[in-house]
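A short write-up of the structure that comes next.
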Amino acid sequence: MKKLSLITLFLLLLLQLREAVAQPSLRFVAEDLYPLHYITDQGKYAGFLVELAQLLTEECEINSNIEIMPQARAFKEFRRDPNTIMLSLLKTPSRENDFQFLGEVYQAKAYLIGLKQNHIKLKTLQDAQKFRTGTVRGYFSQVFLESKGFSQEDNLVLATDPASLLNMLYKDRTDLVLTNSISLEQELTLLKLEPESVEHKLELADFPNELHFTAHSQLSKSTVIRLSKALQKIKQDGRYFKLATKWQVAY
């Protein structure tokens, strides 16, 4: 009887060891985007979604680490490694079959912005086709504008990165820029551009606005389900909204 108990105990310990070994270590990646995920002056990672990801993995008892890097590199790392998760990725129809969306974590409204001095008045996106409209090459916003009739031959201006795009606006190389307002003022200030010189010209109500924690298509279904359920729990028990209040982000 004693021998049987020892065998049972050994099997239980072996099972726990196998579960610990099989437990995935997740890597969350994102670009530097205040106040969602950014690098502080002290070189530490901070932000609303950084803390939300920490809450999530603590809830699931999953080991994880977070890295902030340029968007192009973050997306490349995400596509390469099944255990890498994007801290915030815009959910679009074309991406729904390629990735596993764990749940919405933030909404980012899209706008056409322009310089106040240009006195451009827009009622519809079609009105904007009379002006040069800029976005970053390869972003979903390029696909969106092209689907609405904009073209590089006529009125679509493409920049290599967000900083270049904003500089083009101030240098009169484009009339309008498609962007969100998450950290626009801070970005302009860092670029030594005057935030008070720009204004929203048109809100794009039909532009996708849901940012999600997003997993690789090959991340195990069991892990995806655990993470999704944990995120729902964090929202339902009030921890999500407490965190949103702390970071002063609207939801």
Side-chain angles (χ1 to χ4, degrees), residues 22-40 44-110 138-141 162 180-183 207-251:
Q23 184 79 353
S25 179
L26 299 179
R27 179 188 184 207
F28 288 82
V29 297
E31 64 178 321
D32 193 319
L33 183 63
Y34 180 89
L36 302 184
H37 29 71
Y38 66 100
I39 303 174
T40 68
K44 297 182 178 181
Y45 299 144
F48 170 52
L49 296 185
V50 168
E51 292 194 23
L52 182 60
Q54 291 167 342
L55 272 181
L56 182 66
T57 52
E58 287 171 9
E59 181 70 30
C60 293
E61 298 183 339
I62 293 177
N63 294 325
S64 68
N65 67 294
I66 295 170
E67 295 181 48
I68 306 295
M69 60 187 71
Q71 175 70 2
R73 182 185 162 202
F75 197 66
K76 183 178 180 180
E77 293 291 313
F78 166 62
R79 297 294 298 265
R80 180 185 64 81
D81 179 15
N83 287 331
T84 294
I85 292 175
M86 288 291 287
L87 267 176
S88 62
L89 188 68
L90 194 67
K91 185 176 183 180
T92 67
S94 62
R95 289 172 173 168
E96 289 193 39
N97 294 326
D98 296 330
F99 311 123
Q100 300 185 84
F101 291 91
L102 306 179
E104 182 182 326
V105 292
Y106 190 73
Q107 289 190 354
K109 292 182 179 180
Y139 275 24
F140 173 75
S141 47
N180 60 57
S181 57
I182 295 175
S183 60
F207 190 92
N209 64 358
E210 293 183 10
L211 293 178
H212 283 242
F213 281 163
T214 308
H216 193 284
S217 60
Q218 294 179 21
L219 183 64
S220 72
K221 295 296 181 184
S222 60
T223 301
V224 168
I225 291 171
R226 285 177 63 198
L227 291 168
S228 295
K229 287 185 175 180
L231 181 58
Q232 290 177 1
K233 180 181 178 182
I234 291 169
K235 286 183 176 182
Q236 291 169 354
D237 65 19
R239 282 179 288 170
Y240 174 92
F241 297 100
K242 183 177 180 180
L243 204 56
T245 301
K246 171 186 173 180
W247 284 97
Q248 299 181 328
V249 295
Y251 187 80

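Start at 1 with the first residue, then count along the sequence.
- Minimum heavy-atom separation, Leu231 to Val105: CD2-CG1, 4.1 Å.
- Residues Phe207 and Ala110 share a closest heavy-atom pair of CD2-CB, 3.5 Å.
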Checklist line | Test log, rule ring-ring contact (aromatic ring centres under 6.0 Å, His included), inputs Tyr240 and Phe48 | finding: CA-CA 9 Å; Tyr240 174 92; Phe48 170 52; 5.4 Å; yes

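- With hydrogens and angles ignored, the 3.5 Å screen pairs no side-chain donor or acceptor of Glu210 with any backbone N or O of Lys91.
- Smallest separation of non-hydrogen atoms from Ala215 and Leu219: CB-CD2, 3.7 Å.
- The number of heavy atoms from other shown groups lying within 6.0 Å of CD (Glu96) is above 12.
- Side-chain contact check for Asp98 versus Thr92: every heavy-atom pair is 4.5 Å or farther apart.
- Comment: Glu67 engages Arg27 in a salt bridge, judged by a side-chain N to carboxylate O separation of less than 4.0 angstrom.
- Considering only heavy atoms from C-beta on, Ser183 stays 4.5 Å or farther from Tyr38 through its side chain.
- Residues Arg226 and Glu59 fail the side-chain proximity criterion, which asks for heavy atoms closer than 4.5 Å.
- Of the inter-residue distances, the one linking His212 atom NE2 with Leu90 atom CG reads 8.5 Å to the nearest 0.5 angstrom.
- With rounding to the nearest 0.5 angstrom, the CD1 atom of Ile66 is 5.5 Å from the CG atom of Leu87.
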Next item on the list: Under the side-chain contact (heavy atoms from CB on, under 4.5 Å) rule, what do Ile225 and Ser228 come out as? Steps first, then yes or no, please.
Entry: CA-CA 5 Å; Ile225 291 171; Ser228 295; 5.8 Å; no

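- Within the 4.5 Å cutoff, no side-chain heavy atoms of Thr214 are placed close to those of Leu102.
- To the nearest 0.5 Å, atom CG of residue Asn65 and atom CG of residue Leu26 are 9.0 Å apart.
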Item checked: CA sep, side-chain torsions, deciding dist, call: Val224, Leu227, side-chain contact (heavy atoms from CB on, under 4.5 Å) -> CA-CA 5 Å; Val224 168; Leu227 291 168; 5.8 Å; no

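- You'll find the ring centres of Phe99 and Phe78 inside the 6.0 Å limit.
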Note to self: Using the rule given for side-chain contact (heavy atoms from CB on, under 4.5 Å), can you reason through Leu36 versus Ile182, listing the C-alpha separation, both sets of side-chain angles and the distance that settles it, and then say yes or no?
What the structure shows: CA-CA 8 Å; Leu36 302 184; Ile182 295 175; 3.9 Å; yes

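- At least one side-chain heavy atom of Thr223 sits less than 4.5 Å from a side-chain heavy atom of Ile62.
- In this structure the side chain of Arg95 reaches within 4.5 angstrom of the side chain of Leu89, judged on heavy atoms.
- The distance from the OG atom of Ser88 to the CG atom of Leu49 is 6.0 Å, given to the nearest 0.5 Å.
- A distance of 14.5 Å separates CD in Glu77 from CD1 in Ile85, rounded to the nearest 0.5 Å.
- Pairing each heavy atom of Phe213 with each of Ala53, the nearest pair is CZ-N, 3.8 Å.
- The two residues Asp32 and Ile39 make their nearest non-hydrogen contact at OD2-N, 3.5 Å.
- With a 6.0 Å radius and a threshold of 12 heavy atoms from other residues, nucleotides or ligands, Lys233 has its NZ atom at or below the threshold.
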Checklist line | Working for side-chain contact (heavy atoms from CB on, under 4.5 Å), residues Ile68 and Val29 | finding: CA-CA 6 Å; Ile68 306 295; Val29 297; over 6 Å; no

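- Using a 3.5 Å distance cut-off with no hydrogens or angles, the side chains of Thr84 and His216 do not pair a donor with an acceptor.
- The minimum heavy-atom distance between Gln100 and Ser217, with the atom names listed, is NE2-O, 3.2 Å.
- With rounding to the nearest 0.5 Å, the separation of CZ in Phe101 from CE in Met86 is 10.0 Å.
- Screening residues 45-58 for side chain to side chain donor-acceptor pair (under 3.5 Å), with sequence neighbours left out, gives Glu51-Lys246, Glu51-Trp247, Thr57-Ser64.
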